[in-house]
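One is the number of the first residue; the rest follow in order along the sequence.
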Amino acid sequence: MMAQLVFYVFAAVLLLSASMVISARNPVHAVLFLILGFFNAAGLFLVAGAEFLAMLLVIVYVGAVAVLFLFVVMMLDIDFSRLREGFQRYAPLGLCIGGVLLAELIMAFSNWRMAPAGVVAPLAVQPGLTNTAALGTVIYTHYVLLFQACGLVLLVAMIGAIVLTLRETATGRRQNIGRQHARTREETLELVNLPLGENVFEQGGFLRPKGSYYEVAVPGSYGAGEPEKTETEEKGA
């Protein structure tokens, strides 16, 4: 009786938080409701006896994914009022597409039947294994190729995101690596004998390399060109 009560409490809060994720007007509040939904889903996993999935949901999704969502939403300067300008114009089309998807879901669930117990042969469970050990044995033995394929898909998605968002700008300091490695010690290093008791500022301040920094800079990048011009740009920045 107590397990059923806990299940219904977690399920009710999960459904409420999921509805608030898609209905909240503030994106920060939506992410916070998403974190609440993750915690309640982890509670349902604990009730079902899957403690590994519960901890995985809290550590990975709440501790990494949801926090990343929150940082991105708070750091991006998005004009949400401008995004909602064309909502009323495309509302009829969205309602039509939503109606088609709803009809497909109703047709799918109305024709869904539970398969007999003897159709799918269950995996042999070794006695003495914990839930976490049994899950790891299944993933890294029977489904290891699928697990590696999922990792490859995530890697490709990460590379694609980097390629789509990376922008080459001339504001960064970039160096010509070949010319940088070809420098000699006399071109970059100067030994200064400071009198005892005096600091660097009393001797004129820190010294830049003898023009080698500007010579090895990539043309068009910040810091390339004449030393006087670059120092003026630095002071202006």
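Rounded to the nearest 0.5 angstrom, Phe147 CZ and Thr141 OG1 are separated by 12.0 Å. Note that CZ of Phe39 is 15.0 Å distant from OH of Tyr61, once rounded to the nearest 0.5 Å. In this structure, OH on Tyr143 lies 16.0 Å from CD on Gln148, to the nearest 0.5 angstrom. Interatomic distance, Asn26 CG to Phe33 CZ, rounded to the nearest 0.5 Å: 10.0 Å. Note that SG of Cys150 is 11.0 Å distant from CG of Leu145, once rounded to the nearest 0.5 Å.
In the hydrophobic clustering of ILVMFWY residues, with side-chain heavy atoms under 4.5 Å counting as a link, Val6 and Tyr8 come out together. Residue Val138 is not grouped with residue Val144 when hydrophobic side chains (ILVMFWY) are merged at heavy-atom distances under 4.5 angstrom, including chains of intermediate members. The hydrophobic cluster containing Val65 also contains Leu56, counting ILVMFWY residues as joined when their side-chain heavy atoms lie under 4.5 angstrom apart, directly or transitively. In the hydrophobic clustering of this structure, Leu46 does not group with Phe7; members are Ile, Leu, Val, Met, Phe, Trp, Tyr whose side-chain heavy atoms approach within less than 4.5 Å, directly or through other members. Side-chain heavy atoms closer than 4.5 Å link hydrophobic residues (I, L, V, M, F, W, Y) into clusters, and following such links, possibly through other members, connects Val163 to Met158.
Between Gly37 and Ser17 the shortest heavy-atom distance is CA-OG, 3.3 Å. Taking both residues in full, the closest heavy atoms of Ser19 and Leu16 are given as OG-O, 2.6 Å, listed atom of the first, atom of the second, then distance. Residues Val31 and Ala66 share a closest heavy-atom pair of CG1-O, 3.5 Å. The two residues Leu135 and Leu53 make their nearest non-hydrogen contact at CD2-CD2, 4.1 Å. Shown here for Ala41 and Leu57, the closest heavy-atom pair between the two residues is CB-CD2, 3.5 Å. In terms of heavy-atom proximity, Val62 sits nearest to Ile35 at CG1-CG2, 3.8 Å.
Enclosure of atom CZ in Phe38 by more than 12 non-hydrogen atoms of other residues, nucleotides or ligands within 6.0 angstrom is indicated.
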>> Could you walk me through whether Ser23 and Met20 satisfy the side chain to side chain contact (heavy atoms under 4.5 Å, CB included) test, starting with their C-alpha distance in whole Å, then the side-chain angles of each, then the deciding distance to 0.1 Å, before giving a yes or no?
In response: CA-CA 5 Å; Ser23 61; Met20 292 301 298; 3.9 Å; yes
